[in-house]
Chemist: 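Before we start, here is the structure in question, set down as structure tokens.
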Amino acid sequence: MKEKSKPGLSGLSLEDLQDALAPLPAYRGQQVFQWLAQGVPSFQAMTNLPIALRKSLEEGFSLYSSSISAKQEDSDGTVKLQITLEDQERIESVLLIDREGRQTACLSTQAGCPMSCVFCKTGTRGFSRNLTAGEIVEQFFHLRSLKGPISNIVVMGMGEPLLNLAELRKALRILTDPEGTGLSKRRITLSTSGIDYGIRELADFGPDCRLALSLTTGDKELREKLMPVTKTNPLPALKEALLYYQRKQRRRVTLEAVLIRGINTREKDVHTLADFAQGLETMVNLIPWNPIAGLVFEGKPLQEPTKEEFERFAGELEKKGLKVTRRLRRGKRIAGACGQLGAAE
Ligand code: SAH
Ligand code: SF4
């Protein structure tokens with residue numbers, strides 16, 4: 001229990017760490033920062049520090065403010081971690097491994113989510129609070145402790161990242177710091193449910209990363225029902241914000257659509273999605289809806305799309321000249337796939 005009250009150091013920026021360690025000279029802070037970025041198991045392992053200093057760090061601080069409280073591994077290699085924060089809030093983070101063995105960290109930005117998308121488990125769990133930059137950074141370190149180096153980040157865990165942009169910006173600055181983890185900005189993707197002023201803020205002030213919009217459908221009425229955020233952030237305003245982002249960032253944006261059987265796979269959805277994409281430099285990422293028991297829409301339980309339905313939808317978008325990718329389903333058996341994060345168990 002005593003351990004709990006010691007401040008964790010791994011989530012701090014170099015400057016904040018140097019402040020936390022004052023009056024130690026700045027170069028000591030830099031050494032500690034580098035060790036933490038390497039994922040040392042203890043202060044004792046920081047071998048270029050005097051033994052007395054290692055001991056006093058150990059007495060005054062802990063490596064992390066959060067801890068892994070549960071771990072589940074899928075046979076496809078995906079690992080889902082439940083992480084308990086200092087105030088006992090629980091969040092989830094996922095390690096994804098692709099066919100080439102490349103590892104991606106899927107990070108959460110909020111405990112829960114206030115957006116209430118009807119097809120998402122996180123959305124139905126409600127919202128507790130924003131995560132701090134340190135809590136976002138520590139998820140990366142906890143995931144890296146599992147199977148070694150991670151090259152990519154997707155900000156697609158629990159929560160709406162554009163509602164916690166200042167802390168996310170700080171977290172990504174720490175993770176891309178060449179003195180520390182030194183991750184490439186090109187390998188970070190943020191996914192949003194669509195907040196127009198947030199997209200503009202991202203375009204103007206960063207973080208510098210790739211952007212994906214969870215469009216789901218271009219049909220206004222349907223999107224308002226599936227994703228209530230649409231009522232205050234209508235589709236034309238989102239498109240304007242994306243065009244602004246592209247003018248400033250000169251980067252392709254991804255449009256994601258989670259396909260739900262019989263709901264957003266209609267002819268109308270093909271047309272409205274293609275219309276939305278018009279004029280944008282974009283590609284469409286299709287995701288089969290991952291089952292979550294108990295979710296209903298207009299009185300009927302949601303269902304995964306059939307293979308034929310999914311392929312027909314993809315094919316029709318391709319016929320309209322869109323570049324379409326299909327997201328591989330990973331971690332389904334451990335409920336570590338998109339939209340299955342809940343941290344209730
Ligand atoms: N809040 C952000 C990022 C986290 S959700 C956002 O909504 O974009 C990441 C992705 O998972 C989103 O594209 C979302 O549409 C998708 N998703 C949510 N629930 C899902 C489910 N049950 N099956 C498949 N994808 C889902
Ligand atoms: Fe929140 Fe994204 Fe889930 Fe919607 S899909 S409830 S924005 S986490």
Side-chain angles (χ1 to χ4, degrees), residues 1-69 81 83-89 91 93 95 103 105 107-109 111 129-151 153 155 164-185 187-188 205-209:
M1 277 296 107
K2 203 163 148 260
E3 195 67 15
K4 280 262 171 315
S5 55
K6 294 188 207 169
L9 296 183
S10 294
L12 300 183
S13 66
L14 176 57
E15 303 74 42
D16 290 347
L17 183 62
Q18 286 167 331
D19 287 348
L21 299 184
L24 285 177
Y27 78 94
R28 287 292 182 209
Q30 193 166 10
Q31 287 172 322
V32 174
F33 186 70
Q34 286 163 349
W35 282 117
L36 293 170
Q38 284 172 38
V40 279
S42 67
F43 288 106
Q44 286 309 325
M46 301 183 174
T47 49
N48 59 356
L49 305 184
I51 292 183
L53 176 55
R54 289 185 233 166
K55 194 153 185 295
S56 74
L57 287 176
E58 201 163 66
E59 281 161 8
F61 301 98
S62 54
L63 292 175
Y64 302 101
S65 69
S66 61
S67 60
I68 298 176
S69 42
L81 292 184
I83 294 172
T84 300
L85 308 176
E86 245 171 340
D87 62 357
Q88 303 307 310
E89 266 305 331
I91 56 165
S93 317
L95 180 72
Q103 303 204 94
L107 304 183
S108 294
T109 50
R129 67 168 174 87
N130 275 337
L131 302 185
T132 64
E135 288 167 338
I136 299 170
V137 171
E138 288 193 13
Q139 294 172 58
F140 180 89
F141 288 140
H142 288 312
L143 291 169
R144 197 188 48 186
S145 73
L146 300 171
K147 302 186 185 192
I150 293 176
S151 54
I153 289 181
V155 186
N164 192 15
L165 205 44
E167 291 299 303
L168 178 64
R169 189 178 293 131
K170 198 171 158 198
L172 295 181
R173 204 178 328 114
I174 296 169
L175 290 169
T176 52
D177 188 334
E179 289 277 346
T181 318
L183 218 83
S184 159
K185 291 171 184 162
R187 298 183 173 204
I188 302 175
F205 305 111
D208 191 8
C209 60

Chemist: Between E135 and R129, is there a salt bridge with N-O shorter than 4.0 Å?
Modeler: yes

Chemist: Tell me, do L131 and S108 make a side-chain contact under 4.5 Å, heavy atoms counted?
Modeler: yes

Chemist: T176 and D208: side chain to side chain contact (heavy atoms under 4.5 Å, CB included), yes or no, with the steps?
Modeler: CA-CA 10 Å; T176 52; D208 191 8; over 6 Å; no

Chemist: Less than 4.5 Å apart, any side-chain heavy atom of L183 and any of F140?
Modeler: yes

Chemist: Any donor-acceptor pair under 3.5 Å linking the side chain of S10 with the backbone of Y64?
Modeler: no

Chemist: Using 0.5 Å steps for rounding, measure from the OG atom of S67 to the CD atom of E86.
Modeler: 10.0 Å

Chemist: Between N48 and R28, which heavy-atom pair has the shortest distance, and what is it?
Modeler: O-NH1, 3.5 Å

Chemist: Ignoring hydrogens and geometry beyond distance, is a side-chain donor-acceptor pair present between E138 and S65 at under 3.5 Å?
Modeler: yes

Chemist: To the nearest 0.5 Å, what is the distance between CG (L168) and CZ (R173)?
Modeler: 11.0 Å

Chemist: Does the side chain of I174 come within less than 4.5 Å of D16's, by heavy atoms?
Modeler: no

Chemist: Which value, rounded to the nearest 0.5 Å, describes the distance between I136 atom CD1 and L172 atom CG?
Modeler: 7.5 Å

Chemist: For a side chain to side chain donor-acceptor pair (under 3.5 Å) check, start with the C-alpha distance between Q30 and Q18, then their side-chain angles and the critical distance, and finish with the verdict.
Modeler: CA-CA 7 Å; Q30 193 166 10; Q18 286 167 331; 5.1 Å; no

Chemist: Taking all heavy atoms of G60 and all of P7, pick out the closest pair and write down the distance.
Modeler: O-CD, 3.4 Å

Chemist: Would you name the heavy atoms of E89 and A111 that are closest together and state the gap between them?
Modeler: OE1-CB, 3.8 Å

Chemist: Provide the closest heavy-atom pair for L85 versus S66 in the form atom of the first, atom of the second, distance.
Modeler: CD2-CB, 4.0 Å

Chemist: Would you say K170 and V137 make side-chain contact, with heavy atoms under 4.5 Å?
Modeler: no

Chemist: Could you walk me through whether F141 and L63 pass the side chain to side chain contact (heavy atoms under 4.5 Å, CB included) test, one step at a time?
Modeler: CA-CA 11 Å; F141 288 140; L63 292 175; over 6 Å; no

Chemist: Would you say that I188 contacts L175 through its side chain, given a criterion of any heavy-atom pair below 4.5 Å between the two side chains?
Modeler: no

Chemist: Just checking K185: does its NZ atom have more than 12 heavy atoms from other residues, nucleotides or ligands closer to it than 6.0 angstrom?
Modeler: no

Chemist: Evaluate the side-chain proximity of L143 to L107: yes if any heavy-atom separation is below 4.5 Å, no if none is.
Modeler: yes

Chemist: What I'd like to find out is whether the side chain of T47 reaches to under 4.5 Å of the side chain of W35, using heavy atoms alone.
Modeler: yes

Chemist: Please report the interatomic distance CZ(R187) to CD1(I150), rounded to the nearest 0.5 Å.
Modeler: 13.0 Å

Chemist: Work out which heavy atom in A133 is nearest to a heavy atom in E167; give both atom names and the distance.
Modeler: N-OE1, 2.6 Å

Chemist: Hey, are K55 and E59 close enough for a salt bridge, meaning a charged N less than 4.0 Å from a carboxylate O?
Modeler: yes

Chemist: What's the spacing between L21 CG and L12 CG if we round to 0.5 Å?
Modeler: 8.5 Å

Chemist: Give the C-alpha distance, both sets of side-chain angles, the deciding distance and a yes or no for side chain to side chain contact (heavy atoms under 4.5 Å, CB included) between S93 and H142.
Modeler: CA-CA 9 Å; S93 317; H142 288 312; over 6 Å; no

Chemist: Contact between F61 and V32 at the side-chain level, heavy atoms closer than 4.5 Å - yes or no?
Modeler: no

Chemist: Taking K147's backbone N and O only, do any of them form a donor-acceptor pair with Q103's side chain (distance below 3.5 Å, no angle check)?
Modeler: yes

Chemist: Test C209 against V155 for side chain to side chain contact (heavy atoms under 4.5 Å, CB included), laying out the working first.
Modeler: CA-CA 10 Å; C209 60; V155 186; over 6 Å; no

